[in-house]
Amino acid sequence: MADNQMIIDVIIMKSILEEIYFGEWQPGEAVTLKDGTIQALEQSEKWLMEHLGREERGYLLELLDAQSSETGEVAVENFISGFRAGARLMLEIFPDACYNGEQI
């Protein structure tokens with residue numbers, strides 16, 4: 001019975017390509033921080049900004065900007081790497097796959 005349910009789920013599931021096209025597939029949204037993490041980070045930043053001198057605040061802002069930029073770049077690279085791994089996995093799972101009647 002479980003196999004039949006899986007077949008039904010696959011049949012009614014929207015194509016992942018359709019989800020990507022319509023902007024409904026957002027794998028990054030599945031990753032969330034623990035409750036309170038963002039608030040704690042914001043409070044720490046606020047405290048530092050209030051207690052550091054002008055020059056030190058400038059260094060802190062440079063550090064935060066660089067960290068944000070690096071985090072974004074790493075996220076993009078991780079997404080691309082994961083996408084490629086998924087594609088390679090599909091090629092292994094379906095070695096006889098065809099496109100327009102020709103074997104890939």
Side-chain angles (χ1 to χ4, degrees):
M1 183 66 179
D3 290 336
N4 289 340
Q5 183 61 46
M6 188 167 62
I7 292 170
I8 291 169
D9 290 344
V10 169
I11 291 171
I12 62 174
M13 184 185 343
K14 187 184 279 189
S15 159
I16 193 165
L17 292 175
E18 288 178 309
E19 290 181 18
I20 292 170
Y21 177 81
F22 290 111
E24 299 166 355
W25 190 64
Q26 300 293 328
E29 290 179 359
V31 178
T32 58
L33 297 174
K34 294 180 182 177
D35 291 340
T37 301
I38 293 175
Q39 292 82 7
L41 291 171
E42 288 173 347
Q43 286 177 349
S44 295
E45 181 181 343
K46 181 180 177 183
W47 186 91
L48 284 169
M49 293 302 284
E50 290 172 355
H51 290 84
L52 291 175
R54 185 176 193 170
E55 185 176 354
E56 289 84 6
R57 284 194 303 261
Y59 289 128
L60 176 62
L61 290 174
E62 286 180 27
L63 173 67
L64 293 173
D65 287 344
Q67 185 178 27
S68 177
S69 176
E70 180 67 20
T71 300
E73 290 175 22
V74 168
V76 169
E77 290 301 320
N78 283 337
F79 175 81
I80 291 169
S81 176
F83 199 90
R84 286 182 176 148
R88 288 177 56 206
L89 178 65
M90 294 304 297
L91 289 173
E92 255 186 66
I93 292 171
F94 301 108
D96 298 326
C98 294
Y99 179 74
N100 289 339
E102 295 181 23
Q103 190 170 7
I104 298 175

Trainee: With clusters defined by side-chain heavy atoms of hydrophobic residues (ILVMFWY) lying less than 4.5 Å apart, directly or transitively, does L64 cluster with W47?
Mentor: yes
Trainee: List the steps and the verdict of side chain to side chain contact (heavy atoms under 4.5 Å, CB included) for E70 and V74.
Mentor: CA-CA 6 Å; E70 180 67 20; V74 168; 3.6 Å; yes
Trainee: Can any side-chain N or O of S81 pair as donor or acceptor with the backbone N or O of E77 at less than 3.5 Å?
Mentor: no
Trainee: When rounded to the nearest 0.5 angstrom, what is the spacing between CZ in R57 and CD in E50?
Mentor: 10.0 Å
Trainee: Could you tell me whether the side chain of R84 reaches within less than 4.5 Å of the side chain of I80, counting heavy atoms only?
Mentor: yes
Trainee: Got a donor-acceptor contact below 3.5 angstrom from the S44 side chain to the A40 backbone?
Mentor: yes
Trainee: To the nearest 0.5 angstrom, please state how far the CE atom of M49 sits from the NZ atom of K46.
Mentor: 12.0 Å
